[in-house]
J.: 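First the structure, which I've put down as structure tokens, then a few questions once you've had a look.
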Amino acid sequence: MARFCRTVLVASLYGVKDRKNWMILSQYRGLCCISESHELPDWFKVRQNEPSSDVFDSDDDFMIPADNQVISDCRTVVRKVLPGEIVDGCVDEICEILKNKFSSHETVGLALDACSVKVSKSLVDKILRRFNNDWVPAFGFFKWVDSRPEYGKHSPGSYDMMVDILGKCKQFELMWQLVDGMMQCGRLVSLSTMTKVIRRLAGARRWDDAIETFHDLELFGVKKDCLAMNVLLDSLCKERNVNYARDVFLMLRSQIPPNASSFNILIHGWCKAGKLDEAKQTIKEMSDFGFTPCVISYTNMIEAYCIKKDFESVDAILAEMRCQGCLPNVVTYTIIMHSLGKANRIQEALQVCDKMGRDGCVPDTSFYNSLIFILSRAGRLADANHLYEEMCKDGIPLNATTYNTLISASCNHSQVENAFKLIKEMGESSCKPDTKSYHPLLKLCCKRKWTKLLTYLLLDMFEKDVSLDPGTYTLLVQGLCRYGKLQQSCLLFEEMVLKGISAKPHTFNLLLEALDRNSIYGAKEKIHQLMLHAQSMRRKKL
DNA sequence: TGAAGTTTAA
């Protein structure tokens with residue numbers, strides 16, 4: 001029954017020559033949940049090099065429907081099909097509801113009141129993980145659960161996840177309200193909570209706020225110790241403000257004794273910023289303070305020279321390490337091999353593998369991933385695939401990066417079917433596909449104007465709860481616009497802005513120019529309004 | 001993600 005309804009729905013969707021898919025995708029994501037297993041639709045099975053305007057329609061006449069009839073029809077069908085048949089546990093039932101569009105997090109609760117599932121702690125965490133890019137449904141659900149008398153209190157872990165989601169989506173006012181709420185509920189705020197707050201503030205370039213939060217830690221019952229200081233230093237360094245990190249460090253170190261990590265964090269910050277003199281100076285300070293520079297300190301320096309392609313200096317540091325009795329490890333070797341590969345020095349890169357073996361250092365997943373990357377970049381996709389097989393055979397665990405690297409390589413070599421095979425395998429393995437897995441395929445579809453395949457991929461993403469992140473929206477809006485799919489581009493742009501994701505000025509301009517060129521003034525006005533809306537939202541956030 | 005390394009990025 002379920003399969004039948006899905007088929008009918010999908011068929012009717014594709015039957016209308018793509019016109020309404022985009023509206024449905026944008027307006028009613030729940031549609032995608034009706035499939036129990038996913039297969040490639042027939043039209044995909046035609047090979048890409050066989051000309052078939054029907055399959056890879058490069059000029060479909062997409063139109064926005066005048067009313068929302070299609071959407072409400074789909075809702076009716078989906079509702080009829082749902083109970084008991086397709087819903088696999090409470091998680092799916094709740095996701096089904098949460099995938100609708102909500103104007104605010106308050107309205108989410110009203111929609112959820114209609115369902116009668118038993119909420120458990122693990123269910124809350126699963127839902128939060130699935131909606132970690134969509135704060136409105138996540139927060140609405142979180143509040144709704146909180147209001148149910150039988151649930152009790154959220155666990156500190158769930159609170160921390162929610163804090164992180166709000167921070168990631170730059171909802172800082174709500175984030176602070178939640179932290180205050182945690183304070184009122186007892187001693188729920190921990191260093192882990194405040195770590196999320198500090199990292200997200202620094203990530204939004206609110207460096208002063210991040211520093212102020214550190215100074216206020218004790219108000220939240222969290223100790224201002226070396227561990228907390230390191231979180232602040234690391235957040236500042238990772239968000240490219242190593243100068244701030246240094247100032248904070250100089251200010252704090254008389255009150256809070258640093259450890260070796262504090263120095264290594266700073267060394268890493270300087271190295272990433274390409275400031276090698278400062279990095280060397282910090283290594284000296286580290287020794288003066290009584291900490292011996294370790295493999296991490298040296299590896300940071302090596303990475304900085306690798307970025308500059310200064311492999312002679314890399315060798316000099318390796319020699320110095322040996323003198324100090326500090327042996328390079330798999331991380332050191334990965335960095336060197338990767339950089340040689342990127343500098344098109346493949347032979348030398350491969351020699352690193354031998355050298356590592358002689359040192360008795362065992363390759364790990366990241367090392368393999370790196371090797372797969374440089375081999376495919378050098379056009380040796382067959383060797384890369386062979387390595388992947390070797391990993392499977394030798395029991396070296398694969399991770400999402402292994403798959404994502406291979407998918408991207410396959411797309412770059414126009415091996416679309418291999419990319420699909422990998423994404424399918426991924427779904428069946430323990431590492432689930434994420435936005436990065438789909439990214440290269442989406443990009444290729446935009447470039448080749450494969451609208452149907454693109455629609456299929458988006459359906460597949462929604463089905464697997466892979467939410468679109470800002471990068472993917474940007475890719476789609478720009479990609480569709482560049483390749484002449486202006487209306488689809490506008491729709492996605494609208495969805496992006498309404499979700500509170502800030503678009504880059506470049507994206508605005510690209511769209512406006514294209515609409516101008518095509519004299520589509522109505523849409524131009526609409527995009528302009530959305531742009532103003534986005535700007536005022538951004539101002540509110542600041 | 002979080003004291004160092006791997007994919008993605010106009």
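Every chain is numbered from 1, with letters handed out A, B, ... down the list of sequences.
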J.: Counting only heavy atoms not in Lys168(A) (residues, nucleotides, ligands), do more than 12 fall under 6.0 Å from its NZ?
T.: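 Counting other residues, nucleotides and ligands, NZ of Lys168(A) exceeds 12 neighbours.
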J.: Take atom P in dG2(B) and the same atom in dT6(B), then report the distance between them in whole Å.
T.: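 One P to the other, the span is 14 Å.
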J.: Measure the shortest side-chain to side-chain distance between Asp277(A) and Trp270(A) over non-hydrogen atoms and say whether it is less than 4.5 angstrom.
T.: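 Not in contact.
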J.: Distance check, C1' atoms only: dT7(B) and dA3(B), in whole angstrom units.
T.: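 Comparing C1' positions in dT7(B) and dA3(B) gives a spacing of 22 Å.
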J.: Is it the case that the base of dG2(B) and the side chain of Asn230(A) share a donor-acceptor contact (distance under 3.5 Å, atom types as modelled)?
T.: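 Such a pair does not exist between side chain and base.
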J.: Using only modelled atom types and a 3.5 angstrom limit, is any donor from either the side chain of Asn300(A) or the base of dA4(B) paired with an acceptor on the other?
T.: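 No, the side chain and the base share no sub-3.5 Å donor-acceptor pair.
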J.: Base, sugar-phosphate, or nothing: which does Ile265(A) touch, judged by heavy atoms less than 4.0 Å apart?
T.: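 Sugar-phosphate: the residue Ile265(A), judged by heavy atoms under 4.0 Å, touches backbone atoms but no base.
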J.: Please give, in whole Å, the distance from dA3(B) P to Met286(A) CE?
T.: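 Answer to the nearest Å: 14 Å.
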J.: Figure out the CG/P separation between Leu476(A) and dT8(B), and round it to whole Å.
T.: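 Taking CG of Leu476(A) and P of dT8(B), I get 18 Å after rounding.
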J.: Just to confirm, is there a sub-4.0 Å distance from OP1 or OP2 of dG2(B) to any side-chain nitrogen or oxygen of His268(A)?
T.: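 No, no such contact exists.
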J.: Suppose we call two aromatic rings close when their centres sit under 6.0 Å apart. Are Phe493(A) and Tyr473(A) close by that rule?
T.: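 Phe493(A) vs Tyr473(A): aromatic centres not under 6.0 Å.
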J.: If I take atom CG in residue Asp364(A) and atom C1' in nucleotide dT7(B), what distance separates them, rounded to the nearest angstrom?
T.: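 Answer to the nearest Å: 15 Å.
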J.: Can you figure out which of dT6(B), dA10(B), dG2(B) approaches the side chain of Arg482(A) most closely?
T.: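 Comparing dT6(B), dA10(B), dG2(B) against the side chain of Arg482(A), the answer is dA10(B).
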J.: Can you find an N or O donor on one side and an acceptor on the other, under 3.5 Å apart, linking the side chain of Thr405(A) with the base of dT7(B)?
T.: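 It does not, because no donor-acceptor pair links the side chain of Thr405(A) to the base of dT7(B) below 3.5 Å.
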J.: Determine whether any donor atom in the side chain of Asn259(A) lies under 3.5 Å from an acceptor atom in the base of dA3(B), or the reverse, and answer yes or no.
T.: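 Counting by modelled atom types and ignoring angles, no donor-acceptor contact under 3.5 Å is found here.
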J.: Measure from the side-chain heavy atoms of Lys504(A) and tell me the nearest of dT6(B), dA10(B), dG5(B).
T.: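 Of all the options, the side chain of Lys504(A) is nearest to dA10(B).
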J.: Would you indicate what Tyr333(A) reaches in the nucleic acid, counting non-hydrogen atoms under 4.0 angstrom: base, sugar-phosphate, or nothing?
T.: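 Touches nothing.
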J.: Of the candidate nucleotides dA4(B), dT1(B), dT6(B), which contains the atom at the shortest distance from the side chain of Asn399(A)?
T.: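 Of the options given, the side chain of Asn399(A) lies nearest dT6(B).
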J.: Base, sugar-phosphate alone, or nothing: which one does Lys168(A) contact when heavy atoms must sit under 4.0 Å apart?
T.: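 Answer is nothing: Lys168(A) stays at 4.0 Å or more from every strand.
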J.: Which of the following nucleotides, dT7(B), dG5(B), dA4(B), is nearest to the side chain of Thr401(A)?
T.: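 Output: dT7(B).
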J.: Between dA9(B), dT6(B), dT1(B), spot the one nearest the side chain of His439(A), thanks.
T.: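 Side chain of His439(A) sits closest to dA9(B).
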J.: Between atom CG in Asn241(A) and atom P in dG2(B), what is the gap in whole Å?
T.: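 Roughly 22 Å, once rounded to whole Å.
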J.: When you get a sec, tell me which of dA3(B), dT8(B), dT6(B) is the closest nucleotide to the side chain of Lys436(A)?
T.: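 Within the option list, the nearest is dT8(B).
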J.: Can you tell me how far C1' of dT6(B) sits from CG of Leu387(A), to the nearest Å?
T.: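 One finds 13 Å between C1' of dT6(B) and CG of Leu387(A), rounded.
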J.: For Asn230(A) and Ser262(A), test the side chains for any donor-to-acceptor distance below 3.5 angstrom and give the result as yes or no.
T.: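 There is such a pair between these side chains.
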J.: For the side chain of Lys443(A), starting at C-beta, report the closest nucleotide among dT8(B), dA10(B), dG5(B).
T.: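 In terms of side-chain proximity for Lys443(A), the closest of dT8(B), dA10(B), dG5(B) is dA10(B).
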J.: Any donor-acceptor pair under 3.5 Å linking the side chain of Lys432(A) with the backbone of Ser429(A)?
T.: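 Yes.
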J.: On a heavy-atom basis, which atom in Phe172(A) and which in Arg206(A) lie closest, and how many Å separate them?
T.: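 Result for this residue pair: CD1-CZ, 3.5 Å.
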J.: Rounded to whole angstrom units, what separation is found between the CE atom of Met426(A) and the C1' atom of dT8(B)?
T.: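 To the nearest whole Å, that distance equals 12 Å.
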J.: What integer distance in Å separates Phe373(A):CZ from dA9(B):P?
T.: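 My rounded result for the distance is 10 Å.
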J.: Can you find a side chain N or O atom of Lys238(A) that sits less than 4.0 Å from OP1 or OP2 on dA4(B)?
T.: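 Checking Lys238(A) against dA4(B): at least one side-chain N or O falls below 4.0 Å of OP1 or OP2.
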J.: Return the nearest nucleotide to the side chain of Val295(A); candidates are dG5(B), dA4(B), dA9(B).
T.: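 The answer is dA4(B), which lies nearest to the side chain.
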J.: Where the side chain of Lys342(A) is defined as all heavy atoms beyond and including C-beta, which of dG5(B), dT7(B), dA3(B) is the nearest nucleotide?
T.: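 Among the listed nucleotides, the one closest to the side chain of Lys342(A) is dT7(B).
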J.: If I pick the C1' atom on dA9(B) and the same atom on dA4(B), what distance separates them, to the nearest angstrom?
T.: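 My reading of the C1' atoms in dA4(B) and dA9(B) gives 22 Å.
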J.: Which whole-number value in Å describes the distance from Lys196(A) NZ to dT1(B) P?
T.: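 Interatomic distance, NZ of Lys196(A) to P of dT1(B): 10 Å.
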J.: Return the nearest nucleotide to the side chain of Arg199(A); candidates are dG2(B), dT6(B), dA9(B).
T.: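 Among the listed nucleotides, the one closest to the side chain of Arg199(A) is dG2(B).
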J.: Salt bridge (charged side-chain N to carboxylate O under 4.0 Å, His left out) between Glu278(A) and Lys275(A): does it pass, once the steps are laid out?
T.: CA-CA 6 Å; Glu278(A) 284 85 347; Lys275(A) 309 228 163 147; 5.1 Å; no
J.: So what does Val330(A) hit on the nucleic acid, given a heavy-atom distance under 4.0 Å: a base, only sugar-phosphate, or nothing?
T.: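 The residue Val330(A) makes base contact.
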